[in-house]
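The next block holds one structure in the form of structure tokens; read it before the comments.
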Amino acid sequence: MACREEFTQNLIAEVGSLSSKSTHDSGKKPPAMSVSISTSLKPAYLPSPRDPSMFKEASSLARFGLDIGGTLCKVVYFEPLRESGIESDLQKLRSAMVEVEPLAEEGFVRGDVKKDNNMMENAIVVNSGSLIENGNSECSQERGQGSLPAIDSGFEFSQGTVEASCSKEFCPGKEKHVPVEMAKNGHAYEVELTKSIDDAETSKSEYRELSKKEIFRRQFNKIWVSNHEPVNLPGRGTIYFKCFETWRMEEFLSLTKELLHVSKDRAIGATGGGARKFSDRFLEIAGFHLQRADELRSLVRGIDFLARHADQESFEYPKGPYRGGAIQRPLPLTETSSDDGSSEHSGDEKTISENEIRCKAENECSPSANSQNGGTFPTNIKSHGSNLEQTDYLYQISTNEAFYPYLVVNIGSGVSILRVDSTDKFERVGGTSLGGSTFLGLVAALTGCNSFEEAMHLAREGDSTQIDMLVGDIYGGDYKEMNLASTTVASSFGKLVHPEKRSAAMKTPHHLAKAALLMVTNNIGSLAMLHARAADVKHVMFTGSFLHGNELAMRLLAVAMDFWSKGNMQAIFLRHEGHAGAVGALLNSLHISDPIDCLLFDESIPTHC
Ligand SMILES: Nc1ncnc2c1ncn2[C@@H]1O[C@H](COP(=O)(O)OP(=O)(O)OP(=O)(O)O)[C@@H](O)[C@H]1O
Ligand SMILES: CC(C)(CO)[C@@H](O)C(=O)NCCC(=O)O
């Protein structure tokens, strides 16, 4: 798995190489990122190893896609595969890194950076946008445990110069200096810094400049928040996935300006509302254009690409004997509940006893149910862990023709619901403002938690029945005539109308978080079901970063779809749940009419690629 350090280095190195290339090549035709396929119907965006000239042209190009949403900015980065005899600048730098590794392992540069991403936290305090020295004029780090290179004065970022200090103890006898030009990108910087440890000729001012780069680079590393595995595209390269909180956009742009010198004739593929909102700021601050694409079109394109080409990208939860098992089922059908025989809950479901209700990968399913739109939705499933590897079922879906039409329910800040008829034909059929940021905003306001991870952590431990008003709270038992079990949620957060229960609840943040999670998820599940019926689809693809590490929500949605469709509908999820839009933006920026087939370009693929 690529760590955040590595991702940033790739990013810096690749754009850095872009920058230097474009400077040297000024006046020449810009290379493949802006090459149109009208001149070549070959897969310029993911070059075939069988076409060395194309690979050469494309290999030094950065390939980024941004999806700038209301809450998160998703970034994807494609790194082409190394080809014999044709090396990208990035790969050359990588090779150089390998050569200097022994030095690094002695604990001075590269090894330190890899071992401790947070090392700067110990040396620098970020204060109102400026970096200042932490403590007096001495580094508090030990060599080999994340020490900064030896320098002898304080940090001063806000003044436009950065200086660092270190005690003699950690400055082994002499200052080490690196020429400024060597800091053009992250890899070059580290390689050359390592190499130049004995270069006593370099001036102090150059050294200061270098330190500034390093500080920017490490700050840049800290803004990423997600943790997604890269996708390997055999024979082509690797896609990396990262994201940061959109409210940090100005910081991102400032750091980008310092670190990524993208020339003005460049554009990076971007989508999401922020691609429009921040368009001018990208140009003003970072100095490059955004090549905008519609967010939902990008989403559909990205889903299609990932589901087809990323190994084990899409998955569903189990059916079979567990059908309905993770759901708190409504009352067992009796004569009273279905006088006219018209109830949906008939047939084999009758035969499933409470004891048979199990969650295969969960230790416990607590009984509770929620009735919405004529259906009872699952509630209060306890999840033990958010790692998808712990899920029961993971398999590859081939998005072939039989898969269409399908519904996309994208749970971002808000929720968009689309009916997709083919790769490039879709319609937004609905949406709701009760989405991922409703959950996060409410939980943050109610509990004081500071991040999505914290909110999820709380929710996993909570019991929503302490917060929600259940049918049993109103009826004193089941509402048999309408087939509503006493454990059905009658009103989310309804118990808080009672002053004492409210004040007790405010001391149980985990119960509040769980209730918020169920409220939002069940509402989305309910809408998804209605739209799936109206659109007459069998497959419902749930995407969006709300589902990141959110097994609880995914299970709720999966079981709800399965149960209420009597097994006729399938809830499907993506491992890179929130990044499909960014992948779509990346593909869009490459001007390829049919990137999916082109990806697989070889002799067996028809000539239109
Ligand atoms: N590290 C995180 N920080 C903040 N929110 C997160 C994080 N991880 C997951 N989330 C969840 O993901 C949601 C945002 O999802 P996503 O990135 O798909 O939407 P968006 O693109 O920002 O929003 P929109 O598409 O509506 O503009 C948040 O509201 C939150 O519920
Ligand atoms: C506004 C968007 C499309 C931005 O991604 C999304 O947040 C959304 O679909 N919100 C829900 C809007 C609605 O109520 O339909």
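Since the model is a prediction, treat every value here as computed from it, not as a measurement. Whatever order the structure lists them in is the order used to number ligands and atoms, beginning at 1.
You'll find the side chain of Arg419 stays beyond 4.5 Å of the side chain of His531, heavy atoms only.
Using a 4.0 Å cut-off to heavy atoms of Val225, the atoms of ligand 1 that qualify are 1 (N). Per-residue contacts place Lys74 under 4.0 angstrom from the following atoms of ligand 1 (heavy atoms of the residue considered): 16 (P), 17 (O), 19 (O), 20 (P), 21 (O), 22 (O). Interface atoms of ligand 2 facing Ser433, defined by a heavy-atom separation under 4.0 Å, are 14 (O). Within ligand 1, counting atoms from 1 as listed, the ones closer than 4.0 Å to a heavy atom of Leu440 are 4 (C), 5 (N). Within ligand 1, counting atoms from 1 as listed, the ones closer than 4.0 Å to a heavy atom of Ser437 are 28 (C), 29 (O). The atoms of ligand 1 that sit less than 4.0 Å from any heavy atom of Gly414 are 26 (O). Per-residue contacts place Gly544 under 4.0 angstrom from the following atoms of ligand 1 (heavy atoms of the residue considered): 18 (O). The contact set between ligand 2 and Arg428, taken as ligand atoms under 4.0 Å from a residue heavy atom, comprises 8 (C), 9 (O), 11 (C), 12 (C), 13 (C), 15 (O).
In terms of N/O distances under 3.5 Å, ligand 1 is approached by Thr71. At under 3.5 Å, a nitrogen or oxygen of Leu72, whether backbone or side chain, sits near a nitrogen or oxygen of ligand 1. Ligand 1 has a nitrogen or oxygen under 3.5 angstrom from a nitrogen or oxygen of Gly436. Inclusion of Ser545 in the set of residues having an N or O under 3.5 Å from an N or O of ligand 1 is warranted.
Listed for the Thr432 side chain is no donor-acceptor partner under 3.5 Å among the backbone atoms of Val415.
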- Task: I would like to know whether Leu407 and Val429 meet side chain to side chain contact (heavy atoms under 4.5 Å, CB included); could you show each step before the answer?
- Result: CA-CA 9 Å; Leu407 205 70; Val429 292; 4.2 Å; yes

- Task: Go through Glu577 and His228 one step at a time and tell me if the side chain to side chain contact (heavy atoms under 4.5 Å, CB included) criterion holds.
- Result: CA-CA 10 Å; Glu577 65 294 286; His228 279 93; 2.7 Å; yes

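Nearest to atom 19 (O) of ligand 1 by heavy-atom distance, out of Gly274, Gly70, Gly412, Gly273, is Gly412. Among Gly435, Ser413, Ser416, the residue whose heavy atom lies closest to atom 3 (C) of ligand 2 is Ser416.
Counting heavy atoms closer than 4.0 Å to ligand 2, residue Val415 contributes backbone atoms (N, CA, C, O) but none from C-beta onward. Using a 4.0 Å cut-off between heavy atoms, Phe546 contacts ligand 1 through both its backbone and its side chain. The backbone of Thr432, and not its side chain, has at least one atom closer than 4.0 Å to an atom of ligand 2 (non-hydrogen atoms only; backbone = N, CA, C, O).
The protein heavy-atom contact nearest to atom 30 (C) of ligand 1 is Phe452 CD1, 3.5 Å.
Nearest heavy-atom pair across Val76 and His579 is CG1-CD2, 3.9 Å.
Taken from CG in Asn410 to OG in Ser545, the straight-line distance is 8.0 Å, to the nearest 0.5 Å.
With Asn523 as the fixed residue, the side chain to side chain contact (heavy atoms under 4.5 Å, CB included) test singles out one of Val520, Leu527, Thr521: Leu527.
Between Tyr317 and Phe315, the angle of the ring planes goes over 60°, which puts this pair in the perpendicular group of the 30/60° scheme. Ring orientation note: the planes of Tyr77 and Tyr240 are tilted relative to one another, at an angle of 30° to 60°.
Between Gly69 and ligand 2 there is no heavy-atom distance shorter than 4.0 Å.
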